[in-house]
Amino acid sequence: MLINSAVDEVKKRENSFKIINSILKKHGREEFYDLTGLAGGFKLNQSDIDLLETYAGPAIFESQLQEAGKQHLGGEKILAFNRTTSGILATILALVKQGDEIIHYLPEFPSHPSIPRSAGLVGASYKEFDNIDDFKVEKNTSLVIITGSTMDHDIINEDEFSRIISISRSKNIPVFVDDASGARLRTVIYNQPKAMDMGADIVITSTDKLMEGPRAGLMSGKAEIIDLIKSKAHQFGLEAQSSIMVGIIRAIEKFSGERMLEAFQKKHAVYEVLKKEINYIKETPTGIMLSSEDLIQELKQKDIKTEFTPDDVACVFASLLLRNYHILTIPAVGMPGASTTIRIDLASGDAERVDNSYIVKAVVETFSHLGEIANYKKACELILYGNDLE
Ligand SMILES: *Cc1c(COP(=O)(O)O)cnc(C)c1O
């Protein structure tokens, strides 16, 4: 194995930041292509910046956040967090006790690690399903979680969404929707209703996924549940500070689904060309992807064996793509436990600066480069962790 622990994941991430730093210094921002779909941003005005104080800021931004948040997510009351992960933790701390059960339905595994980790922290039992027929509420179930769109952008089917809400409601169990990217993918690309309009009690979205906002969590829900969660959030320091609040407000004001719809059109062309070279490549709603398992299958098909795990191989691929083509994908910089799927998101702001042929060339050549080193531990480690002598 190449990546053996969360510490190794952190080292890999640090190395990627070194590479990005050197690309930015040598070539400038114009030749760095962040295609993660998570570029984030703070589109603030000078008057916003002048108000970034502990109390004056929230006094002004809180009411604007309520307006903007409800426009984006529906619901009665809005609460902002430092990250989506923080909002998930606060919700589970507020609504679930030791010995309770959390059940989680998602269109496709794997789930975001923050959900099982938070369940573990409060001592709740945790079950997850990706087949609706296995979904079953127990006597001690105190929270139902639905993932609207997974980390790999698999989208929930609207009928299944409604079914889970009605089963949970009939038993008076609150439904929390993790709509990190779904709040936009589901609604803009698939015309599904907002989670609150589907009957959810709480929803959270990540304001840097398919949106030019800070990496933060924006929650909406029924007022009395939000109040419970808000009190937990303050107790543990999970709530957003004024800079994040105003970053979220400006991102919502700026958001339009147009770029996502354009990406939806454009990705198919890239996919059609790439498919001829890389058999296992798949389409996502706004881009293309290769999961770690698919990468291994693709190598096998080309008679290349590797002793490394699928996750290792995907991370090497992402590092090569970054080093040689300046294209950033999530596995190069993912937090410990994050998905290792190579996803190229054409709704990313930087996608406007790369043409389809550059993406095709980068993926095809990176794959062949991967094939050359997939059996050499030293070479792979050098790509992942860099060389301290550099
Ligand atoms: C991204 C994501 C999260 C967590 O977002 P962070 O900003 O990393 O905290 C949670 N759930 C899903 C489904 C996600 O895609």
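The structure presented is a predicted model; accordingly, all values stated were derived computationally and were not measured. Both counts, for ligands and for their atoms, begin at 1 and track the order of listing.
The side chain to side chain donor-acceptor pair (under 3.5 Å) test applied to Q46 returns D50, not counting sequence neighbours. Under the ring-ring contact (aromatic ring centres under 6.0 Å, His included) criterion, H326 pairs with H27, sequence neighbours left out.
To the nearest 0.5 Å, atom CG of residue L328 and atom CD1 of residue I20 are 4.5 Å apart.
The neighbour count for R353 CZ, taken as heavy atoms of other residues, nucleotides or ligands under 6.0 Å away, is above 12.
Sorted by first and then second residue, the pairs that involve residues 74-97 and meet salt bridge (charged side-chain N to carboxylate O under 4.0 Å, His left out), not counting sequence neighbours, are K77-D227, K97-D100.
Counting heavy atoms from C-beta outward, S243 and F61 have side chains that stay 4.5 Å or more apart.
Around ligand 1, the residues contributing at least one heavy atom under 4.0 Å from the ligand are R83, T84, T85, H112, S149, M151, D178, A180, K209, R215.
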